[in-house]
Every structure is written in structure tokens, then in C-alpha cells.
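Everything below concerns the one structure shown next.
Throughout, numbering of the chain's residues begins at 1 and tracks the sequence. What's counted below: heavy atoms across the whole structure, side chains too, no hydrogens, waters or symmetry copies. Since this is a predicted model, take the numbers as computed values, not measurements.
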Amino acid sequence: MSEEAPLRIVVVAEGAVWGGIETHLSQLLPSAAAAEPSLAIRCLLLAKGALAERLSHAGGIPVEVAPDSGRAATALWLASRLREHGPALIHAHGFEAEILCAAIGRTRGTPVVITV
């Protein structure tokens, strides 16, 4: 009997400040990864902040942070990371992340879920 490959989900958030999105993701992502091994969750953050630190300390969720080099470079970085990771689903949080992910997901044909 062969096991199915894990469902690859990339969560994208702005991550620079601490607020509702960051609180939600800091609790949701480690719990989801621990409870459901059939999910391969990865987090891409558009800016460095406390969320990157907390998720890294929680373990179980690979976290990458965009280099601090301006909006155009961040968009290119995000498109490159999404292409490399090849997620089945992109889950975006925060206005900038939502806009970028909607455009990238549409071009790639990858479904995007947006949480407002």
C-alpha cells in the first residue's frame, strides 16, 4: 500500500507587525502541522517580524522571509518561492500578500484562499 504525498500548502503573510493575523497564524500553523501529517505547510513572510521568530521556535513549519529590498523585489521573490515549492494551495493573509498571491496564483493556476 502506498501513502499519498502530503498536500503542499504555502501560507503567505506580511509579518512585519504583531496583530490579529500574526496571532492567528502563530497558533494555527504549529497546531495544524502537528495534528495533520498529511499537510506539508510552509510559511512565506513578506517582512521580518515576531511571527517569523515565533514560528521558527515552535518548529514544524519551515519559514522564509523576503529580503528587505523593496516591493518589486519582494513580488519577484514571492513568485520565485511559490514556483519552487509548487503548492497545491496558497493561503494569503494581509492586503499586500492577498494581492500578490491572487495575481501569482492566477498565472500559475494555483488556487488561492484569502483570509480577511
Side-chain angles (χ1 to χ4, degrees):
M1 183 185 312
S2 67
E3 290 186 32
E4 288 187 38
L7 178 64
R8 290 183 320 275
I9 299 173
V10 172
V11 175
V12 181
E14 294 171 22
V17 298
W18 190 260
I21 291 169
E22 293 75 19
T23 301
H24 171 70
L25 292 177
S26 71
Q27 295 170 358
L28 173 72
L29 296 181
S31 297
E36 189 52 64
S38 66
L39 299 178
I41 302 171
R42 175 176 298 276
C43 188
L44 301 178
L45 300 175
L46 304 184
K48 188 168 179 90
L51 181 57
E53 209 172 293
R54 288 193 189 191
L55 288 175
S56 294
H57 289 308
I61 303 289
V63 178
E64 297 177 55
V65 179
D68 187 18
S69 40
R71 282 198 168 136
T74 297
L76 290 172
W77 173 84
L78 181 59
S80 167
R81 302 314 299 147
L82 288 170
R83 183 174 47 255
E84 182 174 320
H85 297 308
L89 178 73
I90 302 167
H91 189 180
H93 298 263
F95 183 74
E96 188 173 356
E98 293 161 4
I99 296 298
L100 291 172
C101 289
I104 294 167
R106 184 176 180 102
T107 340
R108 293 184 39 81
T110 305
V112 177
V113 174
I114 293 172
T115 300
V116 178

Q | Point-to-point distance, once rounded to the nearest 0.5 Å, from CD1 of I9 to CG of L39 | A | 4.5 Å

Q.
Looking at every heavy atom in both W18 and T23, which two are closest together, and how far apart are they?
A. NE1-OG1, 3.2 Å

Q: Could you please spell out the steps behind the side chain to side chain contact (heavy atoms under 4.5 Å, CB included) verdict for L100 and V12?
A: CA-CA 10 Å; L100 291 172; V12 181; over 6 Å; no

Q: Evaluate the side-chain proximity of K48 to D68: yes if any heavy-atom separation is below 4.5 Å, no if none is.
A: no

Q) salt bridge (charged side-chain N to carboxylate O under 4.0 Å, His left out) with E64: which residues, sequence neighbours excluded? A) R42, R81

Q.
Can you tell me how far apart NE2 (H93) and CD1 (I114) are? Round to the nearest 0.5 Å.
A. 10.0 Å

Q: Of all the heavy-atom pairs spanning L51 and E22, show the shortest one and how long it is.
A: CD1-O, 3.7 Å

**Q.** Heavy-atom pair with the smallest gap, counting every atom of P87 and R108
**A.** CD-NH2, 4.3 Å

**Q.** Close side-chain approach of S38 and L7, heavy atoms under 4.5 Å
**A.** no

Q: Over all heavy atoms of both residues, which pair between V65 and A47 is shortest? Give the atoms and the distance, please.
A: CG1-C, 3.6 Å

**Q.** Gap separating the CG atom of L25 from the NE2 atom of H91, nearest 0.5 angstrom
**A.** 7.5 Å

**Q.** Test item: P6 and I41 side chains (from C-beta on) under 4.5 Å apart, heavy atoms
**A.** no

Q | OG-CD distance between S31 and E36, expressed to the nearest 0.5 angstrom | A | 13.0 Å

Q) Which atom pair, heavy atoms only, marks the closest approach of I61 to P30? A) CG1-N, 4.2 Å

Q: Can you see which heavy atom on A66 is nearest to which on T74, and at what distance?
A: CB-CG2, 4.0 Å

Q.
I'd like to check E96 versus L46 (side-chain heavy atoms, cut-off strictly below 4.5 Å). Are they in contact?
A. yes

Q: Apply side chain to side chain contact (heavy atoms under 4.5 Å, CB included) to L82 and L44, showing your working.
A: CA-CA 9 Å; L82 288 170; L44 301 178; 4.0 Å; yes

Q: Ignoring hydrogens and angles, tell me if any N or O in the side chain of S80 forms a donor-acceptor pair with the backbone of L76 under 3.5 Å.
A: no

(Q) Tell me whether L89 shares a hydrophobic cluster with L29, the cluster being built from Ile, Leu, Val, Met, Phe, Trp, Tyr side chains joined at under 4.5 Å. (A) yes

Q) Within a radius of less than 6.0 Å around CD of E53, do more than 12 heavy atoms belonging to other residues, nucleotides or ligands occur? A) no

Q) Do L45 and V11 sit in the same hydrophobic cluster, where Ile, Leu, Val, Met, Phe, Trp and Tyr count as joined when their side-chain heavy atoms come under 4.5 Å apart? A) yes

(Q) Hydrophobic clustering (ILVMFWY, side-chain heavy atoms < 4.5 Å, transitive) - are F95 and V113 grouped together? (A) no

Q: With sequence neighbours excluded, tell me which residues meet ring-ring contact (aromatic ring centres under 6.0 Å, His included) with H85.
A: none

Q. Does V112 share a hydrophobic cluster with V116, counting links as ILVMFWY side-chain heavy atoms below 4.5 Å and allowing steps through other members?
A. yes

**Q.** side chain to side chain contact (heavy atoms under 4.5 Å, CB included) between C101 and L78, worked out
**A.** CA-CA 8 Å; C101 289; L78 181 59; 4.1 Å; yes

(Q) Taking I104 as the starting point, is it possible to reach W77 by hopping between hydrophobic residues whose side chains are less than 4.5 Å apart? (A) yes

